[in-house]
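Each remark here refers to the structure printed beneath this line.
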Amino acid sequence: MRKSSFCLKTDTLTITPSNTEDLWESDWIIAFRKGEKEQLGTATFAGVKRLGTVPLYVELLPEYRNRGLGTEIIRMLVNWAFLHKNIFEVVSQAEHENDKGVNALQKAGFVYRGSEGEVETYSIIKGKTAWTGVYVIVGILNGMLLGIVLNSLWLGFAIGIAASLCIGAVMDNNALKYRESVTGKSERNIKHIKK
């Protein structure tokens, strides 16, 4: 495969893996898209991975720090990681004194999870799927068609909505079970404990 097929791009940046054979362990090269072509820094997902969780490390060269690039880079890499079905959480660490690094993580949506000495751990969790909403829209359309066939728009509409809610609830439940099987974390138990 071509290296460019894995390149992440925005209007200002490109992030390209140095080894397309092992995207999760290779360094990703961060550079400006136009003008300055030199390397700004690197990022990697290398490190200890747990079920459904990957680490993320971003290191910018000193001359490119404090320019507001960190948050954009982190978001790009998290979005790429969350495109993968089995990834539900991205974890990153920053030293307590690194205010800019901590701010970049927090602006990208990461939440503080704890610390060991001077190193703080942050993570971001992939949003849950919401199939019910999609199926309600499909149900409305199918219900209207069914209503025309049955010569009762309201009856068709009611049948379409009821069927779509049932299908959506089943799909959401299946997605939750899959997420729990991959991560080993039960959201039902977590909610129960919080009450």
Side-chain angles (χ1 to χ4, degrees), residues 1 5-10 15 17 22-25 28 43 45-58 71-93 102 104-114 120-195:
M1 285 195 147
S5 62
F6 292 103
C7 186
L8 306 177
K9 297 178 184 179
T10 66
I15 305 176
D22 192 359
L23 299 172
W24 295 105
E25 295 297 322
W28 290 63
F45 294 99
V48 177
K49 295 167 181 59
R50 293 175 285 137
L51 288 175
T53 303
V54 294
L56 173 62
Y57 301 99
V58 176
T71 302
E72 183 178 5
I73 292 164
I74 292 166
R75 283 183 181 147
M76 289 170 66
L77 291 162
V78 167
N79 289 338
W80 179 83
F82 283 163
L83 289 175
H84 296 82
K85 184 179 178 183
N86 293 334
I87 304 299
F88 295 101
E89 184 176 22
V90 177
V91 177
S92 192
Q93 294 182 326
V102 170
L105 288 170
Q106 290 175 335
K107 285 180 185 177
F110 280 69
V111 175
Y112 175 77
R113 302 294 182 197
E120 297 178 346
T121 301
Y122 293 82
S123 76
I124 186 168
I125 297 173
K126 182 192 279 187
K128 296 180 188 111
T129 58
W131 287 104
T132 302
V134 172
Y135 279 99
V136 166
I137 293 169
V138 172
I140 290 170
L141 296 174
N142 286 331
M144 292 172 77
L145 291 173
L146 183 62
I148 292 170
V149 170
L150 295 175
N151 206 17
S152 173
L153 194 58
W154 288 109
L155 178 62
F157 186 74
I159 292 170
I161 292 291
S164 66
L165 287 172
C166 291
I167 292 169
V170 168
M171 294 293 287
D172 284 341
N173 191 40
N174 288 342
L176 180 62
K177 285 179 184 177
Y178 177 75
R179 183 184 193 116
E180 290 172 354
S181 72
V182 170
T183 62
K185 298 176 185 174
S186 174
E187 306 230 352
R188 294 177 187 123
N189 292 341
I190 293 170
K191 289 177 184 176
H192 179 67
I193 291 170
K194 287 181 180 178
K195 290 183 179 179

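Model, not experiment: these values are computed from the prediction. Note that the numbering runs from 1 along the sequence shown for the chain.
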### Query
If you look at every heavy atom in Y57 and A46, which pair is closest and at what distance?
CE1-O, 3.3 Å
## Note on the structure
Here the pair of heavy atoms bringing S164 nearest to G139 is CB-CA, 3.6 Å
Taking the side chain as C-beta and beyond, is there a heavy-atom pair between [X] and [Y] under 4.5 Å?
{"X": "L165", "Y": "I161", "value": "yes"}
{"X": "W24", "Y": "I87", "value": "yes"}
{"X": "V91", "Y": "R113", "value": "no"}
{"X": "F157", "Y": "I140", "value": "yes"}
{"X": "L145", "Y": "V149", "value": "no"}
{"X": "L23", "Y": "W28", "value": "yes"}
{"X": "W80", "Y": "I15", "value": "no"}

Quick one: [atom1] on [X] to [atom2] on [Y], what's the gap to the nearest 0.5 Å?
{"X": "I124", "Y": "I74", "atom1": "CD1", "atom2": "CD1", "result": "9.5 Å"}
{"X": "I125", "Y": "F110", "atom1": "CD1", "atom2": "CZ", "result": "10.5 Å"}
{"X": "L105", "Y": "L56", "atom1": "CG", "atom2": "CG", "result": "8.0 Å"}
{"X": "F82", "Y": "F88", "atom1": "CZ", "atom2": "CZ", "result": "9.5 Å"}
{"X": "T53", "Y": "K126", "atom1": "OG1", "atom2": "NZ", "result": "11.0 Å"}
{"X": "L146", "Y": "L153", "atom1": "CG", "atom2": "CG", "result": "10.0 Å"}

### Query
Under 3.5 Å, is there a donor-acceptor pair between the side chain of R75 and the main chain of K107?
yes
### Message
If we check side chain to side chain contact (heavy atoms under 4.5 Å, CB included) with V54, which of these qualifies: V78, L77, V90?
### Response
V90
### Query
Partners of K49 by salt bridge (charged side-chain N to carboxylate O under 4.0 Å, His left out), sequence neighbours excluded?
E25
